[in-house]
Amino acid sequence: MATNPLFEIRKIRLEKVKALRERGLNPYPSKAVRTNYAAEILRAYETFDGKQVQVAGRLMSFRKQGALAFGHIQDQSGRIQLFFRRNLVAPTDATRGTLGYADLNLVDLGDIVQTQGKVVKTERGEISILIEEFKILTKAIRPLPDQWSGLKDREQILRKRYLDTTLDRESHQRFGLIAAMTKAIREFLFSRGFIEFNTPIIQPQYGGGTARPFKTHVNALGVDMYLAISHELYLKRLIAGGYDKVFTIGRYFRNEGIDRSHHPEFSMVETMTAYENYEYNMNLIEQLFKYVAENVFGKMEFDVRGHKISFAEPWRRIKMNDAVKEKTAVDFTLLKSTEEANDVLKKFNINEECSTPGEAINIAFSSLIEPELIQPTIVYGHPVDISPLAKPSAEDPRFAERFEIFIAGMECGDNWSEQNDPAQLLETWKKSYRAEERDSGKFHTLDFDFIEALEYGIPPTTGIGPGVERMAMIFTGQDNIDDVIFFPLMRPTISPTNAELYGVQEPPAPVSEDVAFSDDEFVELCQNGALRPESGEIVVKPHWRLCQQTKTGKWNVSGHIELQGFHLNGIIRVCGYRFESEEKPELSSDKNFEKWVEKLSADLQKSFPGNKILVSPIE
RNA sequence: GGGUUGGUAGCUCAGCGGUAGAGCAGCGGCCUUUUAAGCCGUUGGUCCAGGGUUCGAGCCCCUGCCAACCCA
């Protein structure tokens, strides 16, 4: 590899580490002294003026000017200026651990340092620490990204969040506020008599919702288990155990898509309150949001996705079916059959199909009304068909005692009166359960252990489950869930630079292997047994490419096949069909390519008679 | 899954067929009140990867990888 500039910078800094040691200074001491934070001093300059302080943090700027030097030190609270006068700074001294003015060339931006000095104002009026002692607490051997422009590369921001929060004050504050939010949620619940429990993340059954789970293996017990997709059923067991107001701030794992508002691993505040029903929770969740708004953010109005959201007013409450009726002028409760319901959905240009008329209400609601719910809104009365864990309403058993809250078009909490009738719950679960699609995430699993707990009896109970990240997005005005999760999930990588620096031969987790062969080569490898499918089904996907050469005007046609089923983590590409033509060829009628694909499929079948070969249409 | 845009120095970016560029950071100097300090000098590049077109490709074409945004 050619010289990487970073290597040079790193080498120079490592030499500085050595130079510090030669002067008897430890570049990585274990203890520091800090009397004050930067922001504290700036805030109350009058009381600090002329006083000795010790401040520790990261050196973020440094400019030397002959016998004077200026710099900024950044700690958790903010930044304060350092002001060096050559004759005031203690000389390099191994016993005291100080670094003198003459040795300041051993200091780099990004080093963690400790300073001692008097609080003063410079001629230009900036509050500063006039340095008397300067110590290195940690020598940084990699340079920070450019401070003025900051870290712009989105991927780097997400992968190296510590750099993002070091360079971007706004980002630093945002994650601080999110932490404060979690604290406030706890305070709020404690103040209302809730107690906090931990519930298991590794669960033998992943109940409490419908989502595809993450599977894991417990070596000590020799069994497969799942990461929690929900903590609900465990909170209910706590109610069964005699605790009346419980909550957990749990981690949830759902092995599904990632997008602006979904992340495979997220947090939820989940409560259970015994001897209450869902009406209690409508008030609880409204008060929770208001408490956080007021106590963490000190305001009631928030900007979310271009909308002004207010938590000040009492939230609007509307029945789901009324909302749909208002919008569509159709009373979905009058629809008798699934066919009829699907016809109505189509009439409103909704592609999704329902499997019960009740589900149709929810589908219509999600696509037509949900995006328009900007101000905090409580939508209640979901169809029982889609609410297996909720208790049916006493007035109208077609609907459940369930409500969701919507803010800025986002669902921010799903809540209900808990179904505590064990026989009915078991029946509901069994009705939809399909063993062969167990982990498809389409239905609730059968948790007999939980049913047993219900048979001992749990009191009438109700719970709320607002998502912490969704709340954070609303309160901090972020459109992307990655900006409220400090460590978002990323594909693992190792940069070539690091691979060389650290002597890593291979990336720790290769994720996909795509291999390309020519057709002859491929057929031969199959016949002599060098290549074998790992799955019973082989999917053959023929692809077309057409391009016109700019110079000659000729048309290049190339065809290849992508094969799925050989590698579980990658595809095999078989190339070899190619021709050139003066006229623009008509691809749909190219019989030769079809024959080429057919021949290859036939060869495949011959090599692997036990496998099912599926040929997709030409793309 | 579909579309759009991007990947060039440690960082932020320019260059869009004809010798690889700037600012910051780094390194060597000068400088006693700086605020993204300044001035002089200087180091540093598999221009994401592979293929193609061309006398010649960072730039054009194809494929792939990675990312962002929008849509489903």
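Throughout, protein chains are lettered first and strands after them, A, B, ... in sequence-line order, and every chain is numbered starting at 1.
Remark: Asn480(A) is in phosphate contact with C69(B), judged by side-chain N or O atoms under 4.0 Å from OP1 or OP2. Side-chain nitrogen and oxygen atoms of Arg154(A) include none within less than 4.0 Å of the OP1 or OP2 phosphate oxygen of A68(B). The phosphate of C70(B) (OP1 or OP2) has a side-chain N or O of Arg260(A) nearer than 4.0 angstrom. Of the side-chain N and O atoms in Asn4(A), one or more sit less than 4.0 angstrom from OP1 or OP2 of G10(B).
Here the C1' atom of nucleotide U33(B) and the NE2 atom of His72(A) are 13 Å apart, to the nearest Å. If you measure from atom CD1 of Ile157(A) to atom C1' of A67(B), you get 12 Å, rounded to the nearest angstrom. If you take CG of Leu158(A) and C1' of C69(B), they are 14 Å apart, rounded to a whole angstrom. Distance, Ile129(A) CD1 to U33(B) C1': 17 Å, rounded to whole Å. The interatomic distance linking Leu163(A) (CG) with U12(B) (C1') rounds to 15 Å, in whole Å. Atom CD in Gln156(A) sits roughly 12 Å away from atom P in A68(B) (whole-Å rounding). For Asp259(A) and A72(B), the CG to P distance is 12 Å, given to the nearest whole Å. Atom OH of Tyr162(A) and atom C1' of C11(B) are 14 Å apart (whole Å).
With a cut-off of 3.5 Å on both Watson-Crick or G-U wobble distances, the partner of A68(B) is given as U4(B). Across every strand in view, G50(B) sits in a pair with C62(B) that passes the Watson-Crick or G-U test at under 3.5 angstrom. The partner of G44(B) is absent, by the rule that a Watson-Crick or G-U pair needs both atom distances under 3.5 Å. Of all nucleotides present, only G21(B) satisfies the Watson-Crick or G-U wobble test against C13(B), with each distance under 3.5 Å. In this structure, G38(B) forms a base pair with C30(B), meeting either the Watson-Crick or the G-U wobble geometry with both donor-acceptor distances under 3.5 Å. Judged by Watson-Crick or G-U wobble contacts below 3.5 Å, the nucleotide G56(B) has no partner.
In this structure, Phe302(A) has its ring center under 6.0 Å from that of Phe475(A). Between Phe214(A) and Tyr252(A), the ring centre distance reaches or exceeds 6.0 Å. Taking the six-membered ring for Trp, Tyr101(A) and Phe134(A) have ring centres at least 6.0 Å apart. Note: Phe62(A) and Phe84(A) meet the aromatic proximity criterion, with ring centroids under 6.0 Å apart.
Picking from U35(B), U12(B), C69(B) the nucleotide with the shortest atom distance to the side chain of Lys152(A) gives U12(B). Of the candidates U12(B), A9(B), U33(B), A9(B) carries the atom nearest the Pro5(A) side chain, counting heavy atoms from C-beta on.
Every residue meeting the side chain to side chain contact (heavy atoms under 4.5 Å, CB included) condition with Asp303(A), not counting sequence neighbours, appears here in chain and number order: Lys308(A).
On the C1' atoms, A22(B) is 30 Å away from C61(B), given to the nearest whole Å. Remark: the separation of the C1' atoms in C65(B) and A49(B) is 7 Å, to the nearest Å. Nucleotides U35(B) and C24(B) have their C1' atoms positioned 16 Å apart, rounded to a whole Å. Spacing of C1' atoms, G10(B) relative to G45(B), comes out at 12 Å, to the nearest Å. Separation of the C1' atoms belonging to G23(B) and U42(B) is 16 Å when rounded to the nearest angstrom. For the P atoms, the distance linking G64(B) with G28(B) amounts to 48 Å, nearest Å. Across the P atoms, G58(B) and U19(B) are found 10 Å apart, a figure rounded to whole Å. The separation of G41(B) from A36(B), taken at their P atoms, amounts to 24 Å, rounded to a whole angstrom.
A salt bridge links Lys16(A) with Asp108(A): at least one charged nitrogen is closer than 4.0 Å to a carboxylate oxygen. Ionic pairing of Glu15(A) and Lys11(A) is not present here: no N-O contact between side-chain nitrogen and carboxylate oxygen is shorter than 4.0 angstrom.
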Inset, instruction - List the protein contact pattern of nucleotides 23-32 of chain B with one symbol per nucleotide (5' to 3'): B for base contact, S for sugar-phosphate-only contact, - for none; contact means a heavy-atom distance under 4.0 Å. - result: BB-SS---BB
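Both Lys121(A) and Arg159(A) sit near RNA chain B, but only Lys121(A) has its closest nucleotide nearer the 5' end. Residue Phe70(A) is the one, among Asp482(A) and Phe70(A), whose nearest nucleotide of RNA chain B lies closer to the 5' end (criterion: closest heavy atom).
Contact annotation for Gln81(A): base contact, defined as any heavy-atom pair under 4.0 Å involving a base atom. Within the nucleic acid shown, Arg79(A) has no heavy atom closer than 4.0 Å to any nucleic acid atom.
Under the 3.5 Å distance criterion, the side-chain polar atoms of Thr476(A) are left unmatched by any main-chain donor or acceptor of Arg174(A). Although no hydrogens or angles enter the test, the distance criterion places no donor-acceptor pair under 3.5 Å between the side chain of Arg254(A) and the main chain of Arg212(A).
Contacts classified as salt bridge (Lys or Arg N to Asp or Glu O under 4.0 Å) and involving residues 155-165 of chain A (residues at least two apart or in different chains) are given here: Glu155(A)-Arg159(A), Arg161(A)-Asp164(A).
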